[in-house]
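Order of the sequence lines fixes the chain letters, A, B, ..., with proteins taken first and strands second; residue numbering starts at 1 for each chain.
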There are 2 protein chains.
Amino acid sequence: MERNSERRRLPPLNALRAFEAAARHLNFSRAADELSVTPGAVSQQIQNLEDYVGAALFKRTPKGLLLTDAAQTALPALREAFDRLAEAASMLTAAVDGRRLTLTAAPSFAAKWLVPRLGKFEELHPQVDVWLSAGLELVDLSTGEVDIAIRYGAGRYPGLEVSRLIGETVIPVLSPDLQATNPLNTPADLAGHVLLHDGSPEPDDSCPDWTMWLAARGVRGVDGARGPRFNQSSLVIEAAVNGRGVALAKRTLAQADLDAGRLVAPLQIATAVDFAYCVVHPKAKGRLPQVKAFLNWITAEAEAHEAALLALDNGAGI
Amino acid sequence: MERNSERRRLPPLNALRAFEAAARHLNFSRAADELSVTPGAVSQQIQNLEDYVGAALFKRTPKGLLLTDAAQTALPALREAFDRLAEAASMLTAAVDGRRLTLTAAPSFAAKWLVPRLGKFEELHPQVDVWLSAGLELVDLSTGEVDIAIRYGAGRYPGLEVSRLIGETVIPVLSPDLQATNPLNTPADLAGHVLLHDGSPEPDDSCPDWTMWLAARGVRGVDGARGPRFNQSSLVIEAAVNGRGVALAKRTLAQADLDAGRLVAPLQIATAVDFAYCVVHPKAKGRLPQVKAFLNWITAEAEAHEAALLALDNGAGI
DNA sequence: TATAGCGTTTAGAGAACCTAAAGCCCATGC
DNA sequence: GCATGGGCTTTAGGTTCTCTAAACGCTATA
């Protein structure tokens with residue numbers, strides 16, 4: 001704890017503000033206009049401050065006002081102080097003024113889907129600062145600290161406005177190199193592969209793990225419990241990109257890597273799951289212009305994403 | 001006029017101050033102690049500010065207070081702003097707090113006598129900032145802007161505390177080089193010299209100019225009106241130091257150059273004048289510690305100066 | 001000599017600010 | 001389990017600041 005700034009002895013702050021304005025204009029009436037008060041009020045505030053500091057701040061001459069040397073010397077610091085105050089105040093009100101948008105999203109979705117697209121939003125709305133907090137908690141929404149949350153779940157968020165963004169499927173993926181050296185052409189080929197497990201902690205019963213996936217396809221002789229496990233979906237995908245094995249990946253998150261050729265999905269067996277990505281926000285936030293803009297934008301992005309997937313799948317015959 | 005800082009929209013300043021203190025302590029009660037108010041007052045100020053900015057600033061958790069991201073971000077600017085305010089306020093009150101001493105002196109006396117000695121005062125009182133304004137006006141004393149004036153005059157300053165510092169004499173001086181090439185051993189030798197004139201505008205009838213000086217000594221054949229003229233006594237001395245001629249110099253101002261051998265006074269004819277250097281201050285300022293300290297110091301310096309002159313003159317037989 | 005501009009003064013109204021006391025919540029400890 | 005204490009909040013009411021309105025004084029200008 002810094003002691004130096006504690007117990008600062010400060011003059012009446014409003015008197016300082018009046019003085020700063022009056023010194024800037026060298027004219028009490030114009031200062032009064034700026035502060036939306038009467039000249040008398042400014043005069044009194046200045047006298048108040050002069051009493052406090054025990055010295056005159058202005059030389060009242062017949063030709064007009066002049067600053068005393070002491071006042072002249074103090075003025076730059078004073079102006080800077082009020083500029084900083086205004087700056088701090090502006091930071092506090094940025095969210096309400098439409099200049100800041102605070103998002104929270106699940107870490108994997110943020111990394112693999114949202115962040116790569118956010119630049120487009122920022123180009124469309126350069127006046128908005130986007131603050132993104134990646135995390136699993138939803139509590140921030142009720143405290144008002146966060147404007148919009150993007151969550152992976154069943155879409156049940158009582159008391160909040162929810163709209164479904166993108167559905168999810170899981171699909172086995174691996175790196176092209178691995179596919180070249182150790183082809184995966186049928187589910188049975190999995191016997192010769194390391195299985196990468198998504199251990200992210202969402203309670204989606206419909207989302208198959210390797211054990212369920214193998215059982216559903218009648219694959220025998222493969223232990224669906226073995227292999228490395230990652231607590232974030234994006235890490236499983238990274239591991240697959242790095243050729244460490246075959247991941248049963250969330251396709252929304254893996255799509256960018258599939259598009260870029262860092263991953264392949266030779267089996268082309270996508271399994272739909274119940275959970276989906278949803279945008280959630282408190283009703284009151286819906287009035288903020290930056291929130292409206294973001295909701296419009298992300299909805300369009302999601303639709304484009306799903307349309308692109310559909311086109312791909314039709315072409316590939318999934 | 002900078003427009004950017006006009007019409008700054010600022011939150012209630014006292015609320016900002018309460019917030020800054022509360023954010024620093026993360027504890028309303030301790031902030032209240034610092035501000036010398038009750039915790040309830042702080043709580044209300046914070047709510048006031050939260051209403052103003054339209055968002056929470058603190059997260060009230062069972063474990064204690066936490067800052068919201070926005071508040072956290074704004075805090076450094078806020079702290080700096082209040083530091084600057086305190087700094088500005090300190091500058092305004094420096095004179096009253098004994099940390100600043102404002103002097104005014106005649107320019108020549110300031111340059112030739114005061115400034116060379118001021119370093120000693122500042123060493124004795126390092127906590128005092130000395131502001132020296134060289135000028136001829138005395139008006140500043142009545143406005144309270146200046147603590148002490150040092151003036152050359154007859155010592156009549158109604159309504160002000162006056163004490164006589166140093167008497168004055170005038171004496172012909174020239175540079176040692178000039179004396180070597182064109183000796184000045186009797187007043188009549190002045191016929192072969194350029195006369196340097198002190199045109200400083202003080203109304204001292206007893207202070208001789210060259211015309212009066214020559215007439216008083218019955219010197220003939222020298223035009224006492226010719227030669228360069230300077231509107232400050234110190235400039236006349238500089239001209240003499242530079243070998244441009246013979247100055248009828250104020251000895252108090254010339255003494256340092258005489259001591260240093262930059263000037264010589266071969267005629268050793270000093271003429272006393274009526275005016276003297278006086279320290280003047282408004283009675284009310286006499287209570288300020290820095291004013292008392294300076295008066296003591298300069299009185300002692302003046303006595304030392306006059307004693308040194310006396311010793312010199314006795315040795316030289318003037 | 002009239003007029004306009006500008007700072008100052010005054011009384012009184014209004015807003016901001018504070019205190020005191022009670023209330024509430026939660027953690028801690030016996 | 002229940003008392004205790006720390007800490008924020010709420011409420012009512014009083015105090016202090018701050019503002020306005022209007023009259024005043026002064027100076028410069030027409």
Side-chain angles (χ1 to χ4, degrees), chain A residues 1 7-53 55-68 71 82 85 89 139 142-144, chain B residues 1 7 9-53 55-68 71 82 85 89 139 142-145:
Chain A
M1 174 86 39
R7 286 233 150 257
R8 270 186 293 248
R9 181 119 199 92
L10 285 176
L13 297 179
N14 291 315
L16 283 180
R17 178 166 46 180
F19 167 64
E20 191 273 337
R24 188 147 33 78
H25 290 113
L26 284 181
N27 180 312
F28 286 9
S29 299
R30 278 202 287 280
D33 277 350
E34 178 182 323
L35 301 170
S36 306
V37 296
T38 58
V42 172
S43 177
Q44 290 175 75
Q45 290 283 29
I46 301 293
Q47 285 185 34
N48 185 9
L49 186 57
E50 289 181 326
D51 287 349
Y52 179 93
V53 305
L57 300 170
F58 290 98
K59 293 178 267 201
R60 281 85 165 169
T61 76
K63 325 278 287 181
L65 294 173
L66 292 174
L67 284 167
T68 63
F82 280 109
L85 278 187
V139 288
S142 60
T143 69
Chain B
M1 174 86 40
R7 288 233 150 256
R9 181 117 197 93
L10 285 175
L13 298 179
N14 291 315
L16 283 181
R17 178 166 46 179
F19 167 63
E20 191 273 335
R24 188 147 33 78
H25 291 114
L26 283 181
N27 180 313
F28 286 8
S29 299
R30 279 201 287 280
D33 277 350
E34 177 182 324
L35 302 170
S36 306
V37 296
T38 57
V42 173
S43 176
Q44 290 176 80
Q45 290 284 30
I46 301 291
Q47 284 185 34
N48 185 8
L49 186 58
E50 289 182 326
D51 287 350
Y52 179 93
V53 304
L57 300 170
F58 289 98
K59 293 178 266 200
R60 281 85 165 168
T61 77
K63 324 279 286 182
L65 294 173
L66 291 175
L67 285 167
T68 63
F82 280 109
L85 278 187
V139 288
S142 59
T143 69
E145 251 222 282

Arg30(A)/Glu34(A) ion pair, N-O < 4.0 Å: no
Evaluation steps, side chain to side chain contact (heavy atoms under 4.5 Å, CB included), between Ile46(B) and Glu50(B): CA-CA 6 Å; Ile46(B) 301 291; Glu50(B) 289 182 326; 4.0 Å; yes
Least distance between heavy atoms, Leu65(B) atom then Asn27(B) atom: CD1-N, 3.8 Å
Nearest to side-chain heavy atoms of Val37(A), which nucleotide of dT9(D), dT20(D), dT19(C): dT20(D)
Spacing of Arg30(A) atom CZ relative to dG5(C) atom P, expressed in whole Å: 12 Å
Which nucleotide in dT10(D), dC17(C), dC6(C) has an atom nearest any side-chain atom of Gln45(B): dC17(C)
Gap between atoms CD and C1', on Gln47(A) and dC17(D) respectively (whole Å): 15 Å
Donor-acceptor pair present, Gln44(B) side chain and dT19(C) base, under 3.5 Å: yes
Student check: side-chain heavy atoms of Leu10(A) and Tyr52(A) closer than 4.5 Å: no
Separation of atom CG in Asn14(A) from atom P in dC19(D), rounded to whole Å: 7 Å
Spacing between Lys63(A) atom NZ and dC26(D) atom P, to the nearest angstrom: 18 Å
Side-chain N,O (Asn27(B)) to OP1/OP2 (dC8(D)) below 4.0 Å: yes
Spacing of Asp33(B) atom CG relative to dT19(C) atom P, expressed in whole Å: 11 Å
Whole angstrom value for the distance that separates C1' of dG7(D) from CG of Leu66(B): 14 Å
Nucleotide dC17(D), atom P - distance to CZ of Arg17(B) in whole Å: 12 Å
Under-4.0 Å side-chain N/O to phosphate OP1/OP2 contact, Asn48(A) with dC17(D): no
Side chain of Phe28(B) (C-beta onward), nearest among dT9(C), dA20(C), dT9(D): dT9(D)
Any side-chain heavy-atom pair of Leu13(A) and Phe82(A) under 4.5 Å: no
Residue whose nearest DNA chain D nucleotide is more 5′ - Pro39(A) or Pro62(A): Pro39(A)
Sugar-phosphate, base or nothing in reach of Ser29(A), heavy atoms under 4.0 Å: sugar-phosphate
Whole-Å distance separating the CG atom of Leu65(B) from the C1' atom of dG6(D): 12 Å
